[in-house]
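Working notes, structure below.
Per chain, numbering begins at 1; letters A, B, ... match sequence-line order.
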Amino acid sequence: MGRAFLFNLGMEERMARQKEQYEGSQLYKIRHSTAHIMAQAVLEKFPEGKVAIGPAIEDGFYYDFDLPRPLTPEDLEGIEKRMRGIIQSGVNFERKVVSADEAKVLFRNQPFKMELIEGLESGEMDDDGNPIDEKPEISIYSQGGFTDLCRGPHVTNSREINPAAIKLLNVAGAYWRGDEKRPMLQRIYGTAWSKPEELKDYLCRLEEAKKRDHRKIGQELDLYSVNDEIGAGLILWHPKGGRIRKLIENFWSEEHEANGYDFVYTPHIGKAQLWETSGHLGFYKDNMYSPVDIEGQQYFLKPMNCPFHLHIFKNSLRSYRDLPLRYAEEGTVYRYERSGVLHGLMRVRGFTQDDAHHFCRPDQMPAEIDFVLNFSLNILRSFGFSDIHAYLSTRPEKSVGDPAQWEAAEAALEDSLNRSGLDYDVDRGGGAFYGPKIDLKVEDAIGREWQLSTIQFDFNEPERFDLYYIGEDGQPHRPYMIHRALLGSLERFFGVLIEHYAGAFPVWLSPTQAAIIPIADRHLDYARKVEAELRKAGLRVMVDDRPERMNAKIRDAQNQKIPYMLVVGDKEEESGQVALRLRNGENPGPLLLADFLTLAKSDIAAKK
RNA sequence: GCCGACAUAGCUCAAUCGGCAGAGCAGCCGCCUUGUAAGCGGCAGGUUAUGGGUUCGAUUCCCAUUGUCGGCUCCA
């Protein structure tokens, strides 16, 4: 995504206001000032160190340094201790406006600051390195012998910071100005709050996120793995993960079937010429793997499915009566990702997109957008994502296609968003060069946003492949093409699902829906009868027939996050009942098998 | 890719200064026949990620490779 140029519209205005509110808040000042105090502590330890920038960020702050040696965790402890000392000594933060020349003298030994001053002086960028419109005044802040180039604001005295509510979190590498061609600096991340309880809350939240980490749960529940010998970023779906994937795919297929999609299947490789025509070898080559040679011809692994779908469209002469056409495919693509960015299921090198391409007439386009947006929302909601935010990205400076078409497409996207009632942001100029798009992001159970769906116009490929249909007038016309991935990739979607539910998937997606737990061996026959009955009704159940105590079986079922545990003993066997226990620890107790079945079926139907 | 940290049994983790690699869980075998989150005993499990080097001797020190983690950049 390019740099966001935000316009005032609905939610973004609210977000901008929130951001402004944050930047004016005491907490913001506390964090920003804590960053300065950290820089002071670091420079006391490494007088020859160079400082870069150190802003307050969401939940905390960071500061970038160029230091003579890598920092260790022990260094961090020492720095944090010294910071508390500085805070408690009650240093004042003093602001002073200086001329560029004065600043240059002050910071003559700080090359990064010098660069910032030059930026400020020429009126090109602010002290965070962001482009600005007006030439700002240059201000400096000093505290306890440490002076920093800074716009502020800051606390007036360090006593406003609670030394028990700050904590340094970790050290990481970061490029100066985020540019990989420039020096790598050491960035220390920290967090700061008004009260110690808030710090504790925040650390709990981090802990909670760690517990939900799909990589951890993926192993605990035996859902998937990656293997050294196979390769980084290549996913092995284990039986339980595979079961869930299959359930997702079945639901996906049914919904697509019922909504006018056709299913297509396409190969994993295609000749160089295909990717020349599509333009991928021009603009996407960096993400594509080296070609394989087949009888002297170069073939590339596909990074996208669209060229194949375009060829299916092209394979027959199309009438305006045939449109819209909706081709859907769970297409597995391979993209080169730099080793450092790989991350569990979220960022991989081979993944399956739930892809589709819509081809329609210009007059059908608004309805088609409405359709695809609503279809997407319905599916996402079925998976338990109720908080969905949309992002509309419009025409960038460099683009292909007729500007009038762009405008029509953007208007259709925005109208459709308005009709949907969704909150949305507009990223003006943030679209791809080939068309505007809507991205949908879902909020998970602990408030994090994940991008899943994307709905993109493409004015490029129909042109490149010379797609046309015959109109009412008997003449060829270029169709509109919409590219959409709804769940995004099955791998990432699975990762998001795992984190959203912390592994406790809704019943309809649980690999095992009920564990039948016989108390003693003599209950095994009855347990098998219950199993057979539930199987017949379509439930995924298992009997835990290990020679273990009931308590152990309950514990294991609970840890496996199986939705229903059905304990069967003498009483249940006599009365044709099962004793129901839920994975949240609730214990509704005995009920007739038929009643349990009704309950389970209603939970499944409600996608609970 | 870059910066930093890390890699020991299926999993979670020990092993002092360079001196015979160990525990819990899981697995297997047996005993117990059990009422809502771990019953008891035994057995087995290792080229210490891979390759090289230093050393009388390397899990430990050095180099390379692969992978993982935290970030940067990028992104479904």
Side-chain angles (χ1 to χ4, degrees), chain A residues 1 62 64 66-67 69-73 75 169-189 210 213 215-216 219-220 222 225-234 286-287 303-305 331 333 335-355 439 441 450-454 456 483-493 495-496 517-524 546-560 565-572 579-583 585-590:
Chain A
M1 212 196 314
Y62 68 80
D64 289 345
D66 185 15
L67 301 175
R69 65 165 174 85
L71 290 165
T72 63
D75 289 331
L169 297 173
N170 53 1
V171 192
Y175 299 109
W176 168 234
R177 290 281 173 81
D179 182 345
E180 63 184 305
K181 291 183 192 72
R182 313 200 66 179
M184 176 65 75
L185 307 171
Q186 296 192 67
R187 172 171 299 177
I188 306 178
Y189 281 96
K210 229 176 177 176
D213 192 315
R215 293 166 300 183
K216 183 172 138 77
Q219 179 169 275
E220 285 167 358
D222 194 16
S225 62
V226 283
N227 182 296
D228 224 15
E229 196 172 350
I230 293 168
L234 302 171
D286 288 350
N287 285 289
M304 294 188 192
N305 303 300
V333 297
R335 297 182 185 174
Y336 168 69
E337 299 285 356
R338 309 214 275 183
S339 54
V341 306
L342 299 172
H343 183 89
L345 292 168
M346 302 298 190
R347 196 72 185 276
V348 295
R349 284 180 172 159
F351 58 97
T352 301
Q353 288 185 305
D354 68 319
D355 211 353
D439 290 327
K441 297 190 187 183
W450 303 94
Q451 163 151 11
L452 298 177
S453 316
T454 180
Q456 300 189 351
H483 171 118
R484 66 108 257 227
L486 207 165
L487 308 177
S489 90
L490 289 171
E491 284 75 8
R492 173 179 288 179
F493 184 71
V496 173
I517 299 175
I519 289 175
D521 287 352
R522 66 175 179 279
H523 307 120
L524 255 177
R546 294 172 305 163
E548 281 290 347
R549 294 284 189 282
M550 178 201 65
N551 278 336
K553 295 177 186 177
I554 285 177
R555 180 171 196 271
D556 289 344
Q558 191 99 32
N559 284 336
Q560 285 297 306
M565 282 154 268
L566 306 176
V567 176
V568 294
D570 291 333
K571 281 182 279 183
E572 287 74 20
L580 176 62
R581 180 190 164 101
L582 305 176
R583 61 187 157 188
E586 263 178 62
N587 199 356

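- Using a 4.0 Å heavy-atom distance criterion, A:Gly488 is classed as a sugar-phosphate-only contact.
- To the nearest whole angstrom, the two C1' atoms, one in B:A15 and one in B:U8, are 10 Å apart.
- Contacts of A:Ala552 with the nucleic acid, taken as non-hydrogen atoms under 4.0 Å apart, involve only primed sugar atoms and P, OP1 or OP2.
- Counting non-hydrogen atoms under 4.0 angstrom, A:Arg187 reaches the backbone sugars and phosphates but no base.
- The side chain of A:Ala232 sits closest to B:U68 out of B:U34, B:U68, B:A76.
- Base engagement by A:Ala579 is indicated by at least one non-hydrogen atom pair under 4.0 Å involving a base atom.
- Among the atoms of the strands shown, only primed sugar atoms or phosphate atoms (P, OP1, OP2) are found under 4.0 Å from some heavy atom of A:Ala174.
- Within the nucleic acid shown, A:Gln456 has no heavy atom closer than 4.0 Å to any nucleic acid atom.
- Atom pair A:Gln353:CD and B:C75:P shows a separation of 15 Å (rounding to whole Å applied).
- Each of A:Thr454 and A:Pro590 was matched to the nucleotide of RNA chain B holding its nearest heavy atom; the match closer to the 5' end belongs to A:Pro590.
- Here the separation of B:A21 from B:U47, taken at their C1' atoms, is 13 Å to the nearest Å.
- Counting only heavy atoms from C-beta outward, the side chains of A:Arg335 and A:Phe351 approach each other to under 4.5 Å.
- Closest to the side chain of A:Val341, from the set B:G39, B:G1, B:A76, is B:G1.
- Distance CE (A:Met565) to P (B:G35): 18 Å, rounded to an integer number of Å.
- Counted by atom type alone, A:Gln558 and A:Arg581 present one or more donor-acceptor pairs between their side chains at under 3.5 Å.
- Counting non-hydrogen atoms under 4.0 angstrom, A:Gly178 reaches the backbone sugars and phosphates but no base.
- Distance A:Gln219 CD to B:C25 C1': 13 Å, rounded to the nearest Å.
- In this structure, A:His343 does not reach the B:U68 phosphate: none of its side-chain N or O atoms is under 4.0 Å from OP1 or OP2.
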Watson-Crick and G-U pairing of RNA chain B, under 3.5 Å, as dot-bracket with | and [ ]
(((((((..((((.....[..)))).(((((.......))))).....(((((..]....))))))))))))....

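- B:C75 atom C1' lies 11 Å from atom CG of A:Asp439, rounded to whole Å.
- When each of B:C72, B:C75, B:U33 is scored by its nearest atom to the side-chain atoms of A:Tyr175, the top-ranked nucleotide is B:C72.
- The distance from the CG atom of A:Asn287 to the CZ atom of A:Arg338 is 10.0 Å, given to the nearest 0.5 Å.
- Within 4.0 Å of A:Phe493, counting heavy atoms only, lies no atom of the nucleic acid at all.
- Judged by centroid separation below 5.5 Å and plane tilt below 30°, A:Phe351 stacks onto the base of B:A76.
- Across all strands shown, A:Asp556 has no heavy atoms under 4.0 Å from either base or sugar-phosphate atoms.
- Here the CG atom belonging to A:Leu490 is positioned 10.5 Å from the CG atom belonging to A:Leu345, to the nearest 0.5 angstrom.
- The separation of B:G51 from B:G39, taken at their P atoms, amounts to 41 Å, rounded to a whole angstrom.
- Between A:Arg215 and B:C69 there is a side-chain polar atom (N or O) within less than 4.0 angstrom of OP1 or OP2.
- Residue A:Val333 is out of contact with every strand shown, counting any heavy-atom pair closer than 4.0 Å.
- Within the 4.0 Å cut-off from OP1 or OP2 of B:A38, not a single side-chain nitrogen or oxygen of A:Gln558 is found.
- With rounding to the nearest 0.5 angstrom, the CZ atom of A:Arg583 is 12.0 Å from the CD atom of A:Gln560.
- Using a 4.0 Å heavy-atom criterion, one finds that A:Asp570 contacts the bases of the nucleic acid, with or without backbone contacts as well.
- The shortest side-chain heavy-atom distance between A:Lys210 and A:Lys216 does not fall under the 4.5 Å cut-off.
- For a distance-only test at 3.5 Å, the side chain of A:Gln186 fails to qualify as a donor-acceptor partner of the base of B:G71.
- Side chain of A:Arg549, nearest nucleotide from B:C3, B:C72, B:G39: B:G39.
- Rounded to whole Å, the distance from CZ on A:Arg546 to P on B:A26 is 9 Å.
- Across all strands, A:Asp521 comes closer than 4.0 Å to base atoms (heavy-atom distances).
- Across B:G70, B:U36, B:G4, the shortest atom-to-atom separation from the side chain of A:Ala172 is found for B:G70.
- Using a 4.0 Å cut-off between charged nitrogen and carboxylate oxygen, A:Arg555 and A:Glu548 do not count as a salt-bridge pair.
- Base engagement by A:Lys571 is indicated by at least one non-hydrogen atom pair under 4.0 Å involving a base atom.
- Looking only at side-chain heavy atoms (C-beta outward), A:Leu566 and A:Ile517 stay at 4.5 Å or farther from each other.
- In this structure, of B:U33, B:G35, B:A37, it is B:U33 that holds the atom nearest to the side chain of A:Arg522.
- No engagement by A:Glu491 is indicated, since no non-hydrogen atom pair under 4.0 Å with the nucleic acid exists.
- Rounded to the nearest Å, the gap between the P atom of B:A38 and that of B:C43 is 26 Å.
- In this structure, the nucleotide among B:G67, B:U34, B:U36 sitting nearest to the side chain of A:Asp228 is B:G67.
- Atom OH of A:Tyr62 sits about 15.0 Å away from atom CD of A:Gln186, to the nearest 0.5 Å.
- Between A:Ile517 atom CD1 and B:U36 atom P the separation is 12 Å, expressed in whole Å.
- In this structure, A:Tyr62 does not reach the B:G70 phosphate: none of its side-chain N or O atoms is under 4.0 Å from OP1 or OP2.
- The side chain of A:Arg338 lies closest to B:G1, out of B:C72, B:G1, B:A37.
- Of the candidates B:G1, B:A37, B:A76, B:A76 carries the atom nearest the A:Arg492 side chain, counting heavy atoms from C-beta on.
- Atom name P, nucleotides B:U36 and B:C72: the rounded distance is 50 Å, in whole Å.
- Remark: A:Asp179 does not engage A:Arg177 in a salt bridge, criterion side-chain N to carboxylate O under 4.0 Å.
- When distances are taken from the side chain of A:Glu548 to each of B:U73, B:U66, B:G39, the shortest belongs to B:G39.
- If you take CZ on A:Arg215 and CD on A:Glu220, they are separated by 12.5 Å, rounding to the nearest 0.5 Å.
- B:C25 and B:U33 are spaced 24 Å apart, taking the C1' atom of each and rounding to whole Å.
- Here the CD1 atom belonging to A:Ile519 is positioned 7.5 Å from the CG atom belonging to A:Asp570, to the nearest 0.5 angstrom.
- B:G1 and B:G53 have their P atoms separated by 26 Å, with the value rounded to a whole Å.
- Comparing the P positions of B:U50 and B:A9 gives an interatomic distance of 10 Å, to the nearest angstrom.
- One can place CG of A:Asn170 at 18 Å from P of B:C3, the figure rounded to the nearest angstrom.
- The CZ atom of A:Arg335 sits 8 Å away from the C1' atom of B:C75 (whole-angstrom rounding).
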